[in-house]
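We count residues from 1, following the sequence as given. Here the structure is a predicted model, which is why all the values come from computation and not from measurement. Worth knowing before you read on, the calculation uses all heavy atoms, side chains too, and leaves out hydrogens, waters and symmetry mates.
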Amino acid sequence: MFARNVSIHLKSNMLSDYTRTFEKDILPLLRKQNGFKDEITLAGPGGVDVSAISFWDNKYMPILTTRAPIRRC
């Protein structure tokens, strides 16, 4: 099993928006990818530093792309 770690620094009071967007838009895309197993998100005190760790069957993880603009959190 392989893991991919993504670190994000959010603006103050944006953790709930990030969580909602991740669960609504990103997680469904990840679940459709071959080899995707699971994902865990960790937030530090204050909710501005977030680490998202996704678990995969192999080291060739797909790179997700979208045509929608990326929202700044």
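Counting only residues at least two apart or in different chains, salt bridge (Lys or Arg N to Asp or Glu O under 4.0 Å) contacts with residues 20-31 comprise Asp17-Arg20. Residue pairs meeting the side-chain hydrogen bond (donor to acceptor under 3.5 Å, both in side chains) criterion with at least one partner in residues 44-53, sequence neighbours excluded, are His9-Asp49.
Partners of Ser12 under the side-chain contact (heavy atoms from CB on, under 4.5 Å) rule, at least two apart in sequence or in another chain, are Val48. Under the salt bridge (Lys or Arg N to Asp or Glu O under 4.0 Å) criterion, Asp38 pairs with no residue at all, not counting sequence neighbours.
Shown here for Thr41 and Phe22, the closest heavy-atom pair between the two residues is OG1-CE2, 4.3 Å. Gly47 and Leu10 get closest at one heavy-atom pair: O-CD1, 3.7 Å. In this structure, Asn58 and Phe2 approach most closely via the heavy-atom pair C-CD1, 3.3 Å.
Atom CG of Asn5 is surrounded by more than 12 heavy atoms from other residues, nucleotides or ligands within 6.0 Å.
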message: Could you walk me through whether Arg4 and Trp56 satisfy the side-chain contact (heavy atoms from CB on, under 4.5 Å) test, starting with their C-alpha distance in whole Å, then the side-chain angles of each, then the deciding distance to 0.1 Å, before giving a yes or no?
response: CA-CA 8 Å; Arg4 180 179 188 182; Trp56 300 83; 4.3 Å; yes
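Membership of the apolar cluster around Ile40 extends to Met1, Leu42, Ile53, Phe55, as traced through chained side-chain contacts below 4.5 Å between ILVMFWY residues.
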